Engineer: 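Pasting a structure below so you can have a look.
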Number of protein chains: 2
Amino acid sequence: MTPEHILDPDERVNCQALGGVLALIGDKWTIMIVGELSDGPVRFNELKRRIGGITQRMLTLALRRLEQEGLVSRTVLPTVPPGVDYELTEYGKTLIEPLTALGDWAGKHHARRRNEEWHAARSEE
Amino acid sequence: MTPEHILDPDERVNCQALGGVLALIGDKWTIMIVGELSDGPVRFNELKRRIGGITQRMLTLALRRLEQEGLVSRTVLPTVPPGVDYELTEYGKTLIEPLTALGDWAGKHHARRRNEEWHAARSEE
DNA sequence: CGGTATCCCCGGTGATACTG
DNA sequence: CAGTATCACCGGGGATACCG
């Protein structure tokens with residue numbers, strides 16, 4: 001409310017928008033789906049197999065949401081029996097970069113944690 | 001398992017690690033907490049006020065987790081009555097950059113969605 | 001002020017069965 | 001093959017009360 005609380009947008013994390021993006025990719029499966037699709041078009045059941053553990057229901061729900069948000073395109077193939085390809089749209093691909101940045105941080109964080117555990121184990125012997 | 005499944009890490013989103021980072025910041029409040037702390041040290045109740053809507057319980061739980069992960073430091077102030085400052089550690093600050101990148105994308109995505117809604121509204125009149 | 005301890009609810013998720 | 005429909009569960013999170 002007061003002027004001193006107004007900051008340069010570049011200097012803060014965009015909390016509001018980040019909250020919104022969590023509604024989009026913050027669930028249990030969506031990030032893995034986007035990850036798999038980042039390699040190129042994938043068929044529905046192939047996607048299901050690659051991710052592993054996801055139910056048809058959840059995969060369908062996630063894909064429908066991503067489609068609605070314009071990140072993923074759905075293509076019915078004129079084969080017999082009919083197949084369905086899912087792939088990232090050009091717009092959807094713009095998500096890969098920031099997601100990779102966060103993924104890299106996450107990877108380093110994981111390594112750091114492993115390292116801490118190792119030190120803890122050494123010191124208690 | 002098979003060689004052809006091994007890809008250049010830079011070419012894919014790190015799904016595994018991203019899944020892990022969601023366990024850290026993927027909940028309802030943590031991102032907002034990190035966002036507020038990115039301005040500098042904040043007292044417990046001040047943090048609670050700024051975020052708004054969060055319960056003491058959830059704020060405490062999130063801060064404890066962030067502390068345990070080494071992202072946030074907790075400092076008891078020698079005042080009367082005692083106060084507690086929370087702030088991002090140097091390590092915690094390294095999360096700001098990738099988080100900002102994702103936040104920027106999210107902001108643009110939000111704007112894009114608003115734009116689509118506007119077009120939809122125009123076309124149906 | 002800065003927490004903990006308890007209880008409880010709801011929605012995201014899983015399991016299963018059915019369909020074009 | 002690629003879904004949809006229905007039911008059941010359980011854990012994340014809210015409300016409230018209490019504590020040092």
Side-chain angles (χ1 to χ4, degrees), chain A residues 15-16 18-37 40-69 71-88, chain B residues 15-16 18-37 40-69 71-88:
Chain A
C15 300
Q16 183 105 26
L18 274 171
V21 87
L22 282 187
L24 184 56
I25 59 162
D27 71 305
K28 190 173 177 181
W29 301 106
T30 300
I31 277 186
M32 300 183 68
I33 296 172
V34 173
E36 292 301 331
L37 292 180
V42 189
R43 295 278 290 268
F44 183 86
N45 277 332
E46 171 64 15
L47 195 51
K48 184 166 179 291
R49 241 171 283 123
R50 285 200 206 167
I51 291 174
I54 191 172
T55 58
Q56 283 193 342
R57 169 189 156 80
M58 294 317 294
L59 181 54
T60 303
L61 287 177
L63 287 170
R64 289 287 180 277
R65 186 161 30 79
L66 290 171
E67 198 186 348
Q68 200 171 1
E69 298 287 331
L71 297 173
V72 164
S73 67
R74 179 179 185 271
T75 310
V76 178
L77 306 170
T79 56
V80 176
V84 179
D85 258 355
Y86 288 93
E87 67 181 315
L88 290 181
Chain B
C15 300
Q16 183 105 24
L18 274 170
V21 87
L22 281 186
L24 184 57
I25 59 162
D27 71 305
K28 190 172 177 181
W29 301 106
T30 300
I31 277 185
M32 300 183 69
I33 295 172
V34 173
E36 292 301 332
L37 291 181
V42 189
R43 294 277 291 268
F44 184 86
N45 278 331
E46 170 65 16
L47 194 51
K48 184 166 181 292
R49 242 172 282 123
R50 285 200 207 169
I51 292 174
I54 191 172
T55 59
Q56 283 194 341
R57 170 188 155 80
M58 294 318 294
L59 182 53
T60 302
L61 286 176
L63 286 170
R64 289 286 179 277
R65 185 159 33 78
L66 290 171
E67 197 186 348
Q68 200 172 2
E69 297 287 330
L71 297 173
V72 163
S73 66
R74 178 179 186 271
T75 311
V76 178
L77 305 172
T79 56
V80 176
V84 179
D85 258 356
Y86 288 94
E87 67 180 316
L88 290 181

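Naming: A, B, ... by sequence-line order, numbering from 1 per chain. All figures in this text were calculated on a predicted structure; none of them were measured in a lab.
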Engineer: More than 12 heavy atoms of other residues, nucleotides or ligands under 6.0 Å from CD of B:Gln16: is that the case?
Structural biologist: no
Engineer: For the CD1 atom of B:Ile54 and the OG1 atom of B:Thr30, what is their distance to the nearest 0.5 Å?
Structural biologist: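 Between B:Ile54 CD1 and B:Thr30 OG1, I get 7.5 Å after rounding to 0.5 Å.
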Engineer: Does a side-chain N or O from B:Arg74 land closer than 4.0 Å to OP1 or OP2 of C:dG2, or not?
Structural biologist: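 It does not, given that no N or O in the side chain of B:Arg74 lies less than 4.0 Å from OP1 or OP2 of C:dG2.
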Engineer: For the pair made of CG in B:Leu47 and P in C:dC1, what is the distance, rounded to whole Å?
Structural biologist: 14 Å
Engineer: On DNA chain C, compare the nucleotides closest to B:Tyr86 and A:Gln56; which residue's is nearer the 5' end?
Structural biologist: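 Looking at the nearest nucleotide for each, B:Tyr86 comes out on the 5' side.
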Engineer: B:Leu24 and B:Leu71: side chain to side chain contact (heavy atoms under 4.5 Å, CB included), yes or no, with the steps?
Structural biologist: CA-CA 10 Å; B:Leu24 184 57; B:Leu71 297 173; 3.7 Å; yes
Engineer: Just how far, in rounded Å, is P of D:dG13 from CG of B:Leu63?
Structural biologist: 14 Å
Engineer: Looking only at the side chain of A:Arg64 (C-beta and beyond, no hydrogens), which of the listed nucleotides D:dG3, C:dC1, D:dG13 gets closest?
Structural biologist: D:dG3
Engineer: Round to the nearest Å and state the distance from B:Asn45 atom CG to C:dG3 atom C1'.
Structural biologist: 9 Å
Engineer: In terms of side-chain heavy atoms of A:Val84, which of D:dG14, D:dG3, C:dT13 is nearest?
Structural biologist: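 Within the option list, the nearest is D:dG3.
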Engineer: Reckon A:Arg43 touches a base, only the sugar-phosphate, or nothing at all at heavy-atom distances under 4.0 Å?
Structural biologist: sugar-phosphate
Engineer: For A:Tyr86, which of A:Glu46, A:Arg43, A:Arg74, A:Glu67 qualifies under side-chain hydrogen bond (donor to acceptor under 3.5 Å, both in side chains)?
Structural biologist: A:Arg74
Engineer: Give the rounded distance in Å between these two atoms: CG of A:Leu61 and C1' of D:dG3.
Structural biologist: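 In whole Å, D:dG3 C1' lies 11 Å from A:Leu61 CG.
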Engineer: Give the rounded distance in Å between these two atoms: CZ of A:Phe44 and C1' of D:dT4.
Structural biologist: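 That distance rounds to 11 Å.
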Engineer: Heavy atoms only: give me the nearest A:Phe44-A:Gln56 pair and the separation to one decimal.
Structural biologist: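 So the two residues come closest at CZ-O, 4.1 Å.
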Engineer: Taking OP1 and OP2 of D:dG3, is either one under 4.0 Å from a side-chain nitrogen or oxygen of A:Lys48?
Structural biologist: no
Engineer: Is the base of D:dG3 touched by the side chain of A:Arg57 through a donor-acceptor pair closer than 3.5 angstrom?
Structural biologist: no
Engineer: What is the distance, rounded to the nearest whole Å, between atom CG of A:Leu59 and atom C1' of C:dG12?
Structural biologist: 16 Å
Engineer: Could you state the atom-to-atom distance from CG of A:Asp27 to P of D:dG12 in whole Å?
Structural biologist: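 Rounded to the whole Å, the gap is 15 Å.
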Engineer: Starting at atom NZ of B:Lys28, determine the distance to atom C1' of C:dG12, rounded to an integer number of angstrom.
Structural biologist: 13 Å
